[in-house]
Amino acid sequence: MNDHRDDKLDDLLRSRRVEPASPDLAQRIIFKARRLPQTRTVSLWQWMRQLCAEFHLPKPAYLLASALILGMVIGFSLPSDPDSKAEDSTASVTGFLSTDEALL
Amino acid sequence: MAAAGPDQDDHELLALIQDGNGQAFALLVERHTERFYRLAYRYLQNREAAEDVVQDAFLKLWENPALWQPERNSKFTTWFYRVVVNLCLDLRKKKKPAALDDDMPLIDERAPVDEIMIRAQEQRTLEKEIDALPERQRQALNLCFDEGLSNQEAAEIMGLNLKALQSLIMRAKTTLKERMKAYL
């Protein structure tokens, strides 16, 4: 009984009446479109994608560029070598002494 | 500009439309107008309103073809169903759909008069009861009983999973069975 009602309802739903559209509906739409200019608005998302595409680099290049930048940052941020400072001060003391000797 | 032909699928036509190809647009309109009109009619129960909705949807696509983004949508028809449904819902919010005209020829006039009257009444009651369903249930019903649309496609259009859609349909049918008792 219940199945019969289900089937009947399904039949009713499938046979719902649709008033036919005007036969020229598609032509009307096409005709109206001919008079409309196309605009090409680009959404923010699309704009971002295009921007990223401009700067697109292959992955090895990304890796190389990152390694170089990292190396430069580390290189500049480290204090200079303490041994070379000691060498500099030894050289200047020797120079001073030799100047003194020349005077004597 | 590349020529558009009836052998090309929707996605190829849309790519041409994005290059401003009017012939491709005409082919797409001719291919799908009827199907989207039927859907709009089921929502609005009014021929003029349904035609206007379909026209608006296609003209929006023509004016701004970038609205269609193939990488974000699997199928043109699924995406366009959503466009049409949203326009129908907007219109329904703005104004109540016109009631069915009692004098409107509803069915095959060659059938016996008694049968015509019963079926007409049946159809009118069904439309009234469908119209009284909650929005999501009505939407599920309209999509699933539309020709050629699978439950999976309907679920995708509504942004639901299959089980949620089936549940909506079941609840809608239970309500309709109860309210249409006299005709079932």
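Quick note: numbers below take in every heavy atom, side chains included, and nothing from hydrogens, waters or symmetry partners. To find a chain, count down the sequence lines: A is the first, B the second, and so on, and within it residues start at 1.
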When the ring planes of W62(B) and F25(B) are compared, do they come out parallel, tilted or perpendicular, using 30° and 60° as the limits? tilted
Parallel, tilted or perpendicular, judged at 30° and 60°: which one describes the rings of F80(B) and F58(B)? tilted
Is there a side chain to side chain contact (heavy atoms under 4.5 Å, CB included) between W68(B) and D10(B)? Walk through the geometry before answering. CA-CA 11 Å; W68(B) 159 252; D10(B) 293 347; over 6 Å; no
Under 3.5 Å, is there a donor-acceptor pair linking the side chains of E30(B) and Q27(A)? yes
Where on [X] is there a heavy atom nearer than 4.5 Å to chain A: the side chain, the backbone, both, or neither?
X	answer
E48(B)	neither
I130(B)	side chain
L141(B)	side chain

Could you check R5(A) against K181(B) for side chain to side chain contact (heavy atoms under 4.5 Å, CB included), going step by step and ending with a plain yes or no? CA-CA 9 Å; R5(A) 283 174 62 195; K181(B) 236 188 257 176; 3.8 Å; yes
Measure D11(A) against the heavy atoms of chain B and call it side chain, backbone, both or neither at under 4.5 Å. neither
Determine the option with the most heavy-atom pairs under 4.5 angstrom with chain B, choosing from R16(A), R28(A), K8(A).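 Among R16(A), R28(A), K8(A), the one with the most close pairs to chain B is R16(A).
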